[in-house]
Asks: 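Please read through the structure below; I'll follow up with questions.
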Amino acid sequence: MSTDVSADTLRVGTHTLSSRLIVGTGKYATHAEMQKSLELSGTDCITVAVRRERLIDADGNNLLDFIDTERYTLLPNTAGCFNADDAVRVARLGREILLGLENPGADWVKLEVLSDTRTLLPDPVATIEATEMLVADGFQVLCYSTDDPVVARRLKEAGAASVMPAGSPIGSGQGILNPNNIRICMEYLKENDPDYPVIVDAGVGTASDVAEAMELGVDGVLLNTAVAHAADPYGMARAMRLATEAGRLAYLSGRIPKKLYATASSPEEGVISLKPR
Amino acid sequence: MSTDVSADTLRVGTHTLSSRLIVGTGKYATHAEMQKSLELSGTDCITVAVRRERLIDADGNNLLDFIDTERYTLLPNTAGCFNADDAVRVARLGREILLGLENPGADWVKLEVLSDTRTLLPDPVATIEATEMLVADGFQVLCYSTDDPVVARRLKEAGAASVMPAGSPIGSGQGILNPNNIRICMEYLKENDPDYPVIVDAGVGTASDVAEAMELGVDGVLLNTAVAHAADPYGMARAMRLATEAGRLAYLSGRIPKKLYATASSPEEGVISLKPR
Amino acid sequence: MSTDVSADTLRVGTHTLSSRLIVGTGKYATHAEMQKSLELSGTDCITVAVRRERLIDADGNNLLDFIDTERYTLLPNTAGCFNADDAVRVARLGREILLGLENPGADWVKLEVLSDTRTLLPDPVATIEATEMLVADGFQVLCYSTDDPVVARRLKEAGAASVMPAGSPIGSGQGILNPNNIRICMEYLKENDPDYPVIVDAGVGTASDVAEAMELGVDGVLLNTAVAHAADPYGMARAMRLATEAGRLAYLSGRIPKKLYATASSPEEGVISLKPR
Amino acid sequence: MSTDVSADTLRVGTHTLSSRLIVGTGKYATHAEMQKSLELSGTDCITVAVRRERLIDADGNNLLDFIDTERYTLLPNTAGCFNADDAVRVARLGREILLGLENPGADWVKLEVLSDTRTLLPDPVATIEATEMLVADGFQVLCYSTDDPVVARRLKEAGAASVMPAGSPIGSGQGILNPNNIRICMEYLKENDPDYPVIVDAGVGTASDVAEAMELGVDGVLLNTAVAHAADPYGMARAMRLATEAGRLAYLSGRIPKKLYATASSPEEGVISLKPR
Amino acid sequence: MRVDVNGEPRELPDGSTITDLLQELKLDRRYLAVERNREVVPRERHNETRLVGGDQLEVVTLVGGG
Amino acid sequence: MRVDVNGEPRELPDGSTITDLLQELKLDRRYLAVERNREVVPRERHNETRLVGGDQLEVVTLVGGG
Amino acid sequence: MRVDVNGEPRELPDGSTITDLLQELKLDRRYLAVERNREVVPRERHNETRLVGGDQLEVVTLVGGG
Amino acid sequence: MRVDVNGEPRELPDGSTITDLLQELKLDRRYLAVERNREVVPRERHNETRLVGGDQLEVVTLVGGG
């Protein structure tokens, strides 16, 4: 058997992405640094946030001046919302902007309904409620969630196009703290529906975290801080691109089982030396 | 700052390798499968073992018929040796064969002195002794070792060109069981000698293990079973290539620190919604 | 400073327990084995379930014939309920039985609202809803929950007398899979309310799991399978008793910090031997 | 089956100890604090070091004034030695002192041959050499070692009465960093010799570390810093006593296996509520 | 009349009370609780509570649980 | 008349449309969206939409986010 | 005369050289190395090296290994 | 004569024994051991053991250790 990933695209609802890595546009030192980091990450889908226009001292220097909307599918998020109603308002405003940009991302949203400003952990109850409202309004909803398998299933039942469990808290860089929960999420979400997309969103800190996530069989990884705040965002963007592919390939290629110890890599017959005992 | 890995070669003694991944040639289903797996791994250095010629029923089908000795630097090992004398004999025989092949690998050896046939764990005392003998005989010695930092330092003092601690037992696929020991090995071996090569040899099972090893700052990874016994060796060979680069880049790029929780990826000002409390 | 645990009781609502270990009464080979295991565990609080009377073949051999209701505070659970209404019905039936027994446990309940029969994971939404209903009906509610800190806070806001996050799925024996989440739960639940009881419920497999949980600073541990299904339930019951005290004492006593390596336990001055370098 | 630990003594060579916990006498704030900590730990065997008498300003306040040599078997160590010859000298001096005290510990020694003053990691080669010398001189030798299974076996072959692998570096408080190695050590050392004593020496930081070590099936634990440098040494001494017994009992009692998820603790039949699906 | 007890149909003489039912079932009354049409009937009202055809009754006790 | 724009009070001539407002604010219209009293006003209706005193307006754009 | 090759006894005509042996064994000389009585005999000396009864010979090649 | 005690030079009357030395040092003899030129001198031989100029002596006791 041989693994072909040339056509190994990430499908979420009606969208097809060539990269399994989704990258955020926040927290870079400069717009230019962001622009180059996105390019090096190999992603074709980037998240953006909706905020009030600065009415005075608008430097006329807008994020969108640094984003090729032909190249990237934008995924607007509802960051900063703490209840379902606000999340719906923000999602609609994002859609209105993307319609103006004629970007394919106009029909989807990354839903974030947070519970408090300190930990930025998602509120499962309000997230389920907002998912139902947004689905009713015609959105394809990608839900940022905890790794609770039951909440994940509830979100899918509410019509989510993808459930995106956090590996660990946003920006914590702790990687996948509970692979067991991610495994049960997959079991729930992919049961009789193997193509349902599960994306690990938030918490990854370095390349091996991304590879480990992909090796669990998730369909993609969404990250931001790990690249934007690395000492060298460009190097880390490339690392994340490679790690996503490495982890995906390793998952598809069927790793060896773990053992307490040891089987020889070199043949045991034909040795010229004496075996002990 | 920006990370340039175009010239990021692995130097061991007088040898310079373009890939930081060294791959073994054992345990593949066929020689042809091995050949293609090596190619896909991107390595330019492969390990080989020395064994008695089969005198009858020699199928005339030799490993070397499947290895481009112009392309790869061969690294002969002393697998199957359980004492220093045998290891020296095998090293010399390997050298004699490589001299005939005019392969640059004729002047080095991967030293393995094992302690028993069950676990294939290395014997530290005999390994130190064999290292001294081989160095005296003009070899550049790469020492397969446990992750014991004191043994690692003793091996360097004995003249080893590289110390290669095992992440876990050969073929166990358990990855890096004790990163703490690898860190202390690095501290010992690279103190006032930052370019001294440390290579993780044995134990890696999948791509994230390789990335994690490289992120510890080791100079390279040597593996065999993880590729040869994967369900799809070709896919895993590519995964290992990507993971080696990903881990190296992540190490050089300076990962974000770990926190208990959370810092926002999207700006907190300019939100239209109400903050709780 | 010195740690006095003689008066180190576990307070949950109006109840005060001398042991921080709560033990379940299910899954023992015999009622007699259960009786002795409870005794050896040192607990003074045990959980029980509510089920239909067997109308025929009632062997007249009832659990309560093996429980000293003077000695133990019973904690009735709502196991087997998959929605809030059923949980309330079961809680009321349990209360009616305990009133008849004149057991102090009549005014509280361990709330379990499960999501499916395979994983027995709790349903956070229905659990919050049931908590509000039971609190309104005068119950002191101990909520079995996931380790999601936001759900934990919601349950406390709904009036829960204690939140009981699972270390890992019921009966899985995996211990505390995500200590980070338990820490954030504690931060949320004990903020300005340090005496609010947090109890790890479910998932512990052996003594060190219990000690580790207590060392995180939780107020107690609830377990069942780990004792009932151990090869020797009596020995494991004693182990769990000791581990609960050990972990509590270690938490109160302030452990040493972790370091990469080494500080001497023996003085370095006055040695007769020569130091290296 | 039932576990009886009343007669569950720790046998090392000709010595029989009632407690499986051995405690060091170093690093306490005062001799009095040490005295009470030892008492609370429940140990009957304590380690001591040999040092030059202070010739001037000897405060006449000697460690031994605080140790009941009737109650405790002293285990002299060779801390501070960096080669085999010095270790033998120190072992003999310790024996001479203990003979004067008529303490049973006069015939054994805790062998420590360290490699450098920074990490205090043991030197495997010199430790093996010193073991042979001390055994020839009639000592029962307890060898402080790394967790390298091959070194462990070499030490036993050299005549060690017990091999004592470190869980992690002395005083690091990191617990058992590589349980896999401890398991292989046990497999080697107890093969056809199940009563051969294996003791985890060094590295434990808190109670759960001790319980975890004992659950691996080791015969005892030796510690010092974890108690002496705890915020409350008395509380931690008690915690360690309880954790040693808890871990031993859990090991003997046969823990439940780990599963991905869930088996009900309450019966599934007889529920009054409706099951989903 | 016909009532439902723990999901099983059962014939009882008209005018039977919960006490009558429990006596017929020979159940140890100390250990159980009775629910009639999803409402608990406290034991002190078992004597006076007359059943009606079609009543849904649950008679429950405690069992081992975690 | 007085309206609220992004939480700030603002005086506008009676009968102003959203287009008038955006022109006055000198904002790049390609990149923004307008919400009036918590309802989005699609850009194709900015010309015809006349504001009324007390209107709550939000004018938003995209910024970096994760 | 009788020599040992890879642990097996073998009869050779007196005065045989290592080259003679390898020819008889029909082995591809590019890929192998020969050890005589635990000392490697470099290939450039195979022609001149005459074997003696009782010689212990090892003829080895490369195989897959890790 | 001059001897070395725990690394420090020290003057002693000729013919001094280990016992003499320990008395002069005012050390509690129950708790210590003496090594002379890298060999332990058992306490029962302290009286008869006469020191010689240049002797290297170590006088040690027990201290806290792990």
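Values reported hereafter were calculated over all heavy atoms of this structure, with side chains retained and with hydrogens, waters and symmetry mates removed. First the proteins, then the strands, lettered A, B, ... as listed; each starts at 1.
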Asks: Mark yes or no for whether D:Ser115, through its side chain, and D:Asp123, through its backbone, hold a donor-acceptor pair below 3.5 Å.
Replies: no

Asks: At a heavy-atom separation under 4.5 Å, does D:Leu99 approach chain H through its side chain, its backbone, both, or neither?
Replies: neither

Asks: Using a strict cut-off of less than 4.0 Å between a Lys/Arg side-chain nitrogen and an Asp/Glu carboxylate oxygen, indicate whether D:Glu112 and D:Lys110 qualify as a salt bridge.
Replies: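 Yes, charged N to carboxylate O under 4.0 Å.
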
Asks: Which one, H:Asp28, H:Val41, H:Leu62, leads in non-hydrogen pairs under 4.5 Å with chain D?
Replies: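 Winner by heavy-atom pair count: H:Leu62.
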
Asks: Are any side-chain N or O atoms of H:Asp55 and backbone N or O atoms of H:Leu57, one a donor and one an acceptor, separated by less than 3.5 Å?
Replies: no

Asks: In terms of heavy-atom proximity below 4.5 Å to chain H, should D:Leu74 be classed as side chain, backbone, both, or neither?
Replies: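 Side chain only.
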
Asks: So which of D:Leu223, D:Ile22, D:Val48, D:Leu93 has the largest heavy-atom pair count under 4.5 angstrom toward chain H?
Replies: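 Maximum pair count with chain H is reached by D:Leu93.
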
Asks: Distance only, no hydrogens: is a donor on one side chain within 3.5 Å (strictly under) of an acceptor on the other, for H:Thr17 and H:Asp20?
Replies: yes

Asks: Going by salt bridge (Lys or Arg N to Asp or Glu O under 4.0 Å), name the residues that satisfy it together with H:Glu58, two or more places apart in sequence or in a different chain.
Replies: D:Arg52

Asks: Can you pull out the residues in residues 29-40 of chain H with any heavy atom less than 4.5 Å from chain D?
Replies: H:Arg30, H:Tyr31, H:Leu32, H:Ala33, H:Val34, H:Glu35, H:Arg38, H:Val40

Asks: Just so I understand: if I count every heavy-atom pair under 4.5 Å between each of D:Ile97, D:Asp85, D:Leu63 and chain H, which residue has the most?
Replies: D:Ile97

Asks: Without hydrogens or angle criteria, can the side chains of H:Asn47 and H:Thr19 be said to hold a donor-acceptor pair below 3.5 Å?
Replies: yes

Asks: Does any N or O in the side chain of D:Thr47 come within less than 3.5 Å of the main-chain N or O of H:Gly65, such that one atom is a donor and the other an acceptor?
Replies: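 At least one qualifying donor-acceptor pair exists.
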
Asks: Taking D:Leu64, D:Val50, D:Val23 one by one, which has the highest count of heavy-atom pairs under 4.5 Å against chain H?
Replies: D:Leu64

Asks: Any sub-3.5 Å donor-acceptor pair from D:Thr43's side-chain atoms to D:Leu21's backbone N or O?
Replies: yes

Asks: Taking the side chain from D:Ser162 and the backbone from D:Pro197, do they hold a donor-acceptor pair closer than 3.5 Å?
Replies: yes

